Amino acid sequence: MRLSEKCQKIQGSVTLAIDAKAKKMRADGMDVVSFGAGEPDFQTPKYIVEAAMNAIQDGQTKYTAAAGIPQLREAVSKLVEKKMGYPCKAENIVINTGAKQSLLNALQAVCDCGDEVIIFAPYWVSYPEMVKMVGATPVFVKTQEEKNFAIDFDAFENAITEKTKAIILNSPSNPSGAVLSDEEIRKIADIVKKYDLMVVSDEIYDCLLYDGAKHFSITQIDEEMRQRTILINGMSKAYAMTGWRMGYTVSDEKIAKIMTAWQSHATGNPNTITQYATLAAVSQENTEFPNMLKEFSARREYMLDRINSTKNISAQAPKGAFYVMVCIKDVIGKSYNGKKINSSMDFAQILLDETMTAVVPGGPFGADNYIRLSYATSMENICKGLDRIKSFVEGVV
Ligand code: PMP
Ligand code: GLU
């Protein structure tokens, strides 16, 4: 078999693999608690579901323009204007099959083979693979673990070479929950301009903020940063629409055209029914969101308290998203029931086998001293899962 070297280097998504495994174990009747995928446990709000059902009944079941139906591009542009405070037109928006496709489209539009893309670690597991998928090379820049994963600006500037084409930003961050401040974003923008870089800014968790944290987008700085940035957002998180597959990009019109041409061959239009559902979603107030946020916030506080009162593990308070990074440094090198824990991957595997509790290992996110717990799951699961994690980490020798 003569296969692509490039594709054989792509690792499958560990988050999706763990999620699938936990769901299968549960379907087989096992009492699994999953802190795996970042998938809200809430149902998609009713008004969105009804809009989808109406779309099917009205016969909106055909192809649409590759970039999405004009009314949706227009509605998203208005939402962006409202959130960001700068002018945005339908031509700046491309509608995609999930923010995953938005990210890949953006990287396709920006990168050539051999280019380097800077990614801050810890990072979302899909970024390095996506960079490799477009033929570019991921370059990792460590953040300051002790300062809640803040950017290390010296390390950032030192990582820039002649081949650096772009950086990926993700604030609030998956997995660390770190939220970049205004000041940090402005410093990043100065470096981006100085070295003539592009930015892919993944802002999918922009509404999920705690403890008074504020979201600031690099696109809010000035027109030049808007031209240099492809902003990524989507419906999976704030609207609990993971399975609907809906994301979008906000960019300069010229880049939007390039991404549309690419998408017109790659996938064609995003799902038509989902587009109509999303049109309803963004045209009205998402009245269920404040309740979701309140619930996430209560779970986050409960988890932090429990983790920080458990021997051998600890966690810093994340300012955004719905993940807690748990430091397992003191457990690595020890054993549970005779099984040696040499890495975060071993930790996750042994924990699942021994206690039926699924967590995401930090290794594939560039943080092997950590595991990631998603609190997009019920309080009942959280209580049960944390009891199991406690007896596991306190039972290592
Ligand atoms: N970016 C980040 C940081 C994510 O955590 C996710 C998780 N799903 C995505 C993008 C992709 O989201 P989706 O494809 O479901 O829109
Ligand atoms: N982004 C979510 C996560 O990190 C969902 C799973 C995925 O798309 O990889 O868990």
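Numbering of ligands and ligand atoms starts at 1, following listing order. Predicted, not measured: the structure shown is a model, and the values here were computed from it.
- Comparing heavy-atom distances from atom 15 (O) of ligand 1 across Ser236, Ser126, Ala99 singles out Ser236 as nearest.
- Near Thr15, with a cut-off below 4.0 Å to any heavy atom, the atoms of ligand 2 are 3 (C), 4 (O), 6 (C), 7 (C), 9 (O), 10 (O).
- Counting heavy atoms closer than 4.0 Å to ligand 2, residue Phe35 contributes nothing at all.
- At least one heavy atom of Ser13 sits closer than 4.0 Å to an atom of ligand 2.
- Residues Tyr127 and Asp202 bring a donor and an acceptor atom of their side chains to less than 3.5 Å of each other.
- Residue Lys100 has at least one heavy-atom neighbour below 4.0 Å for each of these atoms of ligand 2: 7 (C), 8 (O), 9 (O).
- Atoms of ligand 2 lying under 4.0 Å from at least one heavy atom of Tyr323, given by number and element, are 2 (C), 3 (C), 4 (O), 10 (O).
- For Asn174, every heavy-atom contact with ligand 2 shorter than 4.0 Å involves the side chain, none the backbone.
- With Phe296 as the fixed residue, the ring-ring contact (aromatic ring centres under 6.0 Å, His included) test singles out one of Phe42, Tyr210, Tyr323: Phe42.
- Among the atoms of Gly38, some N or O lies under 3.5 angstrom from an N or O of ligand 2.
- Judged purely by distance below 3.5 Å, without hydrogens or angles, the side chains of Glu203 and Ser201 pair a donor atom with an acceptor atom.
- Short contacts between ligand 2 and Lys237, defined as distances under 4.0 Å to a heavy atom of the residue, involve ligand atoms 1 (N), 2 (C).
- Atom CD1 of residue Ile69 and atom CD of residue Gln275 lie 5.0 Å apart, to the nearest 0.5 angstrom.
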